[in-house]
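All figures in this text were calculated on a predicted structure; none of them were measured in a lab.
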Amino acid sequence: MNAQRGELLAARETLSGIHITRAGRKAIQAAASALDVATRTRDNAATCLTIEAQQALDWQLDGEPVTLRAGETLDRHVAAALQLEIPELAHIRIAPATSAGELAAEVDARQQETGYSCWPASR
């Protein structure tokens with residue numbers, strides 16, 4: 001019990017020595033806002049791909065075989081280029097305007113500006 005009381009007193013003493021000016025508060029708020037915008041932009045940039053099979057369909061998605069039966073649907077969020085191959089019919093490439101890597105780099109930059117790179121990517 002005395003050890004916990006000592007830790008509490010030490011923490012109070014440390015906290016009492018911390019002072020944030022109005023300008024400091026504004027800078028923290030601006031950096032946090034920029035981080036929120038970058039995070040939302042990254043999260044909202046993914047393209048939504050929906051494929052509904054009208055008949056049985058065997059194809060490849062980024063080199064992996066996929067089978068859909070009539071009436072089945074596949075939903076994917078595309079954050080980077082995606083290759084679809086329907087044998088003997090089509091090769092299709094889908095890509096969002098900005099890659100997830102570029103958007104993630106923007107989030108990382110905003111986290112570095114705040115000095116809190118340990119903040120979660122989405123809040």
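In this structure, CZ on R93 lies 10.0 Å from CG on D62, to the nearest 0.5 angstrom. Between R69 atom CZ and Q55 atom CD the span is 11.0 Å, to the nearest 0.5 Å. Here the straight-line distance linking atom CD of Q83 with atom CD1 of I92 works out to 10.0 Å at 0.5 Å rounding. Between T21 atom OG1 and R25 atom CZ the span is 7.5 Å, to the nearest 0.5 Å. In this structure, the separation between CD on E52 and CG on L68 is 9.5 Å, given to the nearest 0.5 Å. Remark: L61 CG to L84 CG distance equals 5.0 Å, nearest 0.5 Å.
Atom CG of L8 sits in a crowded spot, with more than 12 heavy atoms from other residues, nucleotides or ligands closer than 6.0 Å.
Side-chain contact between R12 and T14 is absent, with no heavy atoms from C-beta onward closer than 4.5 Å. Contact check for I51 versus T73: no side-chain heavy atoms found under the 4.5 Å cut-off. Looking at heavy atoms from C-beta onward, L89 lies out of side-chain contact with W59 at the 4.5 angstrom threshold. Within the 4.5 Å cutoff, the side chain of I94 has heavy atoms near those of the L49 side chain.
Checking side-chain atoms of D75 against main-chain N and O of T50 turns up no donor-acceptor pair under 3.5 Å.
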